[in-house]
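Note sheet for the following structure.
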Amino acid sequence: MCAPVRLFASVARWLIPPSETVLRASPRRFMVSGLFSSWACSASAFVSWLVGRFGVPSGASVGLSGFFLTFCCAAGGGWAAAQDAEALQQWGQRYEQQILPLIKSHCLDCHSGEDASGEFDLSGLLDGQSAVARLTVWDQVGKRIRLNEMPPAGSPGFSDPQKGQIYAWLDSRPEDDDCRKLATDETQAWYQGVVMSRRLTRTEYLNAIRDLLGVSVDARFEIPSDGAGGVGFDTHGSTLFTSPIHVEQYLAVAADAVERALATPEWQSHWQGVALETPAARAAAQVTLERFARRAWRRPVLDVEVQRLLQLYDFAVFSGVATDAADATRSDETRSDETRSDEKSAANGVTAESHRRGLQQAMTGILVSSNFLFVVEAESPQGGVQPLSPYELATRLALFLWSSVPDEALLEAAAAGRLSTDEDILAQTQRMLQDPRSRALGENFGLQWLGLANFLTTARPDAEQFPEYDPALAVDLREEVVRTISQLFREDRSLETLIDSPMIEVNGRLAAYYGLSLSAEADWQPVTVGDAPRGGLLTAGAVLVHTSYPRRTSPVLRGRWLLEEILGSKVPPPPPGVPALDDTVTGQAATLRERLELHRQNPECAACHDRMDPLGFGLENFDALGRWRETDQGSSIDARGTLPSGQSFVGPQELKRVVLQRSEEFQRHFVRKLLGFALGRGLTKFDDCVIDDAMKALQAHQGRVVPMVETLVLSYPFRHRYFKAAQAAP
């Protein structure tokens, strides 16, 4: 028995080496948890040795070693959790002793009950336990206090020592080690991260058809648009329901797109030179269909699936079935080029026409299959957190960076195991960002983030007052935003260029509209703005039109847009019963600024308008169409703004500098939006580690976005998914 004892001791020392970092951080925690975890892990190894040496029955060995290994994992984790709980309890006690009196004396009068100012109710935070239970609330509270937005002007403010006390408490909040976790039923009472095999969004579907077939979906087909969820994107799985209208349109689109694609020389080459005999034609069809299904379904195709596709092919070829009404009614003149010359050689019933018809039938079936229409990620019966397969990861990368399906290079990388390391994933990410399809980051992510996804249909300046606004101008304004954001990723620019940039993306027509020097026929290109008040999203024409009313500008809409979409600060809706600005008595107010100042005299309005209006005033030199102006209805433009913090500025250039001083808020909001878009679900506290890591990547690389994107695609949530366990049959 000496040998197993010595083995037991040596294995214990080898499995659990002392850690200087752990010892330095918490010696008591290491000694206690290390003692038990070392003993348990070594005991498990000892049981395995007994099995090999003395033949202990396998069932018993599994039970014993499983017990010890479970204890091994639980021992350290249990003590860690206990220490974290103790730290949070102490943090809550400090809240009761030091912070709660300040909350009661300065905040509760306005922020309590159903009518809490700004829908920010603090009345439920009257003890340390409640403060700990709602950790995320304190991020917003701290932000508002640091910006001097709370308490508002006219209310008793915090003294400098009181602010210091609050800041010290906020900054001492214990951090959870959640970077290697996903939210589950056990860690959250209601888990928002479960996304059952979601459908492709409308944009993803249209892009996939384009990339698979080489043709765009005909404009006469209207795929229903999708709602938004999570952090505001249509990629959120819970909003992607499938209706009968979807199914009808998918079938019609697939049949039409496949028919048009098969008429192109690229697809006709698939059967040119093929002997028109049944075995040879069928073998050629099998190769074509298997390759196409692999691209469309984003994974290898099973033999049984190939045989089902060939049954569709056979049915169309040998029964003479037309794949749609248009095919059935083709005139003899239209059919002559393909059919007449082949009828003579159709000894076995296969002609170029019937071969094309068979392919069309089977390819249409591929595109209406759930394997194409849904983002299928395999679920294990036991559920839990599991890594994505290489093909699933390839699909997630393509949907994130291209809003489309993987290309052949990405699928080959998945097949060859070249998506298993960080280096492999980064190589594909860099390649994909340089591909023209990364334009989708501007067109899909960017427009949704900024609230401009439906700009072409919702922006409606009054035609009588602004007859120069037309659909062509609207398209140019939208395109400017798409190019600005997509070039940010493709050229690895700094995020700050979205706020202020010396360059602007314009064509000749938009340059003339903005008063820039460029030939009228010039194509899209970057142009230096010089002294012109342009550059960045705040002064982009589409944003300025979007945040205006049909007949006039709106500092309120512009300020709210800047707060919510750029700085990530929520603005609640106006309280009920408060009249709109245009409905208030403003006979003594000559200008829009004066009317807004009267509006803010209502205390219920001031809390939000004091934050929004000054930002909007900084953009008042731009009219409702985004053009520069010096006067409005004969009065000089007053573009001054003063924030609740006392900070003042004049005009758009100084406004941009003010926003850049809050660049950390902007960066964090941008990262949060991009992560929610990439994951296709709502974010949880377990995603905060990813956001923090992405922020560090931005800071380490002067704000450049590609290192931040690389952080997201390498993150644990991006490469893993949680599944609920399968329901047991009754």
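- Residues Leu401 and Ala440 approach most closely at O-CB, 4.4 Å, considering heavy atoms.
- The two residues Ile485 and Gly446 make their nearest non-hydrogen contact at CD1-CA, 3.6 Å.
- Applying the 6.0 Å contact sphere to CD of Gln647 captures more than 12 heavy atoms from other residues, nucleotides or ligands.
- Counting only distance, with no hydrogens or angles, the side chain of Arg640 and the backbone of Pro614 share no donor-acceptor pair below 3.5 Å.
- When all heavy atoms are compared, the tightest approach of Phe455 to Ala474 is CE2-O, 3.6 Å.
- A salt bridge links Arg439 with Glu479: the closest approach of a Lys/Arg side-chain nitrogen to an acidic carboxylate oxygen falls below 4.0 angstrom.
- Put simply, CG on Leu498 and OG on Ser663 are 12.5 Å apart, with the number rounded to the nearest 0.5 Å.
- Results of the side chain to side chain donor-acceptor pair (under 3.5 Å) test with Ser404 over Asp211, Asn207, Asn444 single out Asp211 as the only residue that passes.
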TODO: Evaluate the criterion salt bridge (Lys or Arg N to Asp or Glu O under 4.0 Å) for residue pair Arg493 and Glu505; output intermediate values, then yes/no.
DONE: CA-CA 14 Å; Arg493 297 176 181 173; Glu505 297 281 339; 3.6 Å; yes
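- Counting all heavy atoms, side chain and backbone alike, Leu625 lies closest to Asp623 at N-OD1, 2.9 Å.
- Counting only N and O atoms by type, the side chains of Arg611 and Ser569 include a donor and acceptor under 3.5 Å apart.
- Ring geometry for His246 versus Phe241: interplanar angle over 60°, hence perpendicular rather than tilted (30 to 60°).
- Ring to ring, Phe670 and Phe445 are close: their centroids are under 6.0 angstrom apart.
- Looking at Asp234 and Gln448, their side chains do bring a donor and an acceptor atom within 3.5 Å of each other.
- For Asp407 and Arg437, the salt-bridge test passes: some basic side-chain N is under 4.0 Å from an acidic carboxylate O.
- Checked by atom type and distance alone, the side chain of Thr528 never pairs as donor or acceptor with a backbone atom of Gly530 at under 3.5 Å.
- A distance-only check finds a donor-acceptor pair linking the side chain of Gln525 to the backbone of Asp523 [under 3.5 Å].
- Between Arg490 and Asp435, none of the side-chain N atoms (NZ, or NE/NH1/NH2) sits under 4.0 Å from a carboxylate O, so this pair counts as no salt bridge.
- Arg202 and Glu222 are not joined by a salt bridge, as no carboxylate oxygen comes within less than 4.0 angstrom of a charged side-chain nitrogen.
- A salt bridge does not link Glu204 with Arg199: every distance from a Lys NZ or Arg NE/NH1/NH2 to an Asp or Glu carboxylate oxygen is 4.0 Å or more.
- Panel note: side chain His546, backbone Thr458; no donor-acceptor pair is recorded below 3.5 Å.
- Using a cutoff of 4.0 Å between basic side-chain nitrogens and carboxylate oxygens, Asp462 and Arg552 are not scored as salt-bridged.
- Looking only at distances, no side-chain donor or acceptor of Gln667 sits under 3.5 Å from a matching main-chain atom of Leu698.
- In this structure, Arg534 is positioned above the aromatic face of Tyr514, its NZ or CZ under 6.0 Å from the six-membered ring centre and within 45° of the axis.
- Separation of atoms CH2 (Trp561) and OG (Ser548) is listed at 12.0 Å; rounding is to 0.5 Å.
- Between Arg560 and Thr547 the shortest side-chain heavy-atom distance does not fall below 4.5 Å.
- The backbone N or O of Val231 lies less than 3.5 Å from a partner atom in the side chain of Lys673, making a donor-acceptor pair.
- Considering Leu615, Leu562, Asp500 in turn, Leu562 is the only one that fulfils the side chain to side chain contact (heavy atoms under 4.5 Å, CB included) rule with Leu538.
- More than 12 heavy atoms of other residues, nucleotides or ligands sit less than 6.0 Å from atom CG of Leu660.
- No more than 12 heavy atoms of other residues, nucleotides or ligands lie within 6.0 Å of CD in Glu464, so this atom counts as exposed by the packing criterion.
- Heavy-atom minimum distance, Gly618 versus Phe649: CA-CE1, 3.8 Å.
- A side-chain donor from one of Glu710 and Gln430 sits under 3.5 Å from a side-chain acceptor of the other.
- Note on Asp692 versus Lys696: no salt bridge recorded, every NZ/NE/NH1/NH2 to OD/OE distance being 4.0 Å or above.
- Using a distance-only test at 3.5 Å, with no hydrogens or angles considered, a donor-acceptor pair links the side chain of Arg558 to the main chain of Leu619.
- For Arg629 and Glu620, the salt-bridge test passes: some basic side-chain N is under 4.0 Å from an acidic carboxylate O.
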TODO: Begin from the C-alpha positions of Glu468 and Arg627 and carry the test salt bridge (Lys or Arg N to Asp or Glu O under 4.0 Å) through to its verdict.
DONE: CA-CA 12 Å; Glu468 58 270 57; Arg627 299 170 300 187; 2.5 Å; yes
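- Here the straight-line distance linking atom OH of Tyr205 with atom CG of Leu200 works out to 9.0 Å at 0.5 Å rounding.
- Under a 3.5 Å cut-off, the side chain of Asn507 and the backbone N or O of Leu510 do form a donor-acceptor pair.
- Minimum interatomic distance between Leu441 and Leu433 (heavy atoms only, all atoms of both residues): CD1-CD2, 3.8 Å.
- Summarising the local packing, CZ of Arg483 is surrounded by more than 12 heavy atoms from other residues, nucleotides or ligands at distances under 6.0 Å.
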